[in-house]
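One structure below.
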Amino acid sequence: MYHRRRTLRLNLVTSIYLMFFSCFIQLCSSLRLLPHDYQSYKSTLIKEYEKQGSLRLAQARSLIRIDVNKTRKMYNFFVEQGWVKQPDG
């Protein structure tokens, strides 16, 4: 009889992971965004940031056409996390 070996579970529950995950959940919940939509907006903004070297709030608003208040909160969160930098001046 062949017995299949059980694979070990990967334990991702660390304090950094939980901190990020709770921030992610709080942001999606407060903005009333589905996680898939959030990830899509995040990747769009980060790709544009990588192209330009900086990203202004006005650029973010034109890239993702959602409520301006939601865009502002996401943009501020990304700046706080260091994923996006504002232009100098």
Side-chain angles (χ1 to χ4, degrees):
M1 220 172 151
Y2 176 72
H3 293 287
R4 226 174 137 173
R5 279 181 48 188
R6 285 187 157 176
T7 57
L8 296 175
R9 290 182 161 210
L10 181 60
N11 187 4
L12 296 176
V13 181
T14 63
S15 60
I16 295 172
Y17 176 76
L18 285 176
M19 183 179 70
F20 171 75
F21 192 68
S22 66
C23 290
F24 167 73
I25 289 175
Q26 286 176 337
L27 184 67
C28 286
S29 177
S30 69
L31 298 180
R32 299 188 52 80
L33 288 175
L34 295 174
H36 176 351
D37 295 334
Y38 166 82
Q39 291 291 6
S40 173
Y41 300 145
K42 177 183 170 185
S43 67
T44 300
L45 294 178
I46 290 177
K47 283 178 188 176
E48 186 65 22
Y49 164 72
E50 289 172 348
K51 280 188 217 171
Q52 303 293 329
S54 65
L55 187 69
R56 294 182 353 196
L57 178 59
Q59 291 172 303
R61 285 182 180 155
S62 68
L63 289 170
I64 55 173
R65 299 235 172 228
I66 59 173
D67 179 53
V68 294
N69 296 319
K70 290 181 181 185
T71 305
R72 177 184 296 280
K73 287 181 182 178
M74 283 180 58
Y75 177 80
N76 290 340
F77 179 73
F78 295 163
V79 169
E80 288 172 9
Q81 296 298 316
W83 299 334
V84 169
K85 291 192 172 58
Q86 298 172 324
D88 296 332

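Only a predicted model underlies this, so the values are computations on that prediction, with no experimental measurement involved.
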(message) Would you compute the distance between atom OG of S29 and atom CZ of F24 and round it to the nearest 0.5 angstrom?
(response) 11.0 Å

(request) First locate atom NZ of K42, then atom CG of L27, and finally report the distance between them rounded to the nearest 0.5 Å. (result) 10.5 Å

(message) As an exercise, state the distance from CD1 of I64 to CG of L45, rounded to the nearest 0.5 Å.
(response) 4.5 Å

(request) Report the distance from atom CH2 of W83 to atom CD1 of I46, rounding to the nearest 0.5 Å. (result) 6.5 Å

(message) Keeping S30 on the side-chain end and Q26 on the backbone end, is there a donor-acceptor pair under 3.5 Å?
(response) yes

(request) Quick one: pull up CG in D37 and CZ in R32 and give me the separation to the nearest 0.5 Å. (result) 12.5 Å

Please tabulate, one pair per line, all N/O donor-acceptor pairs under 3.5 Å involving side-chain atoms of residues 66-78, not counting sequence neighbours.
from	atom 1	to	atom 2	distance (Å)
D67	OD2	N69	N	3.4
K70	NZ	L31	O	3.1
T71	OG1	D67	O	3.2
Y75	OH	L55	O	2.5
N76	ND2	R72	O	3.4

(request) Write out all pairs satisfying side chain to side chain donor-acceptor pair (under 3.5 Å) with one or both partners inside residues 44-61, taking only residues at least two apart or from two chains. (result) E48-Q52

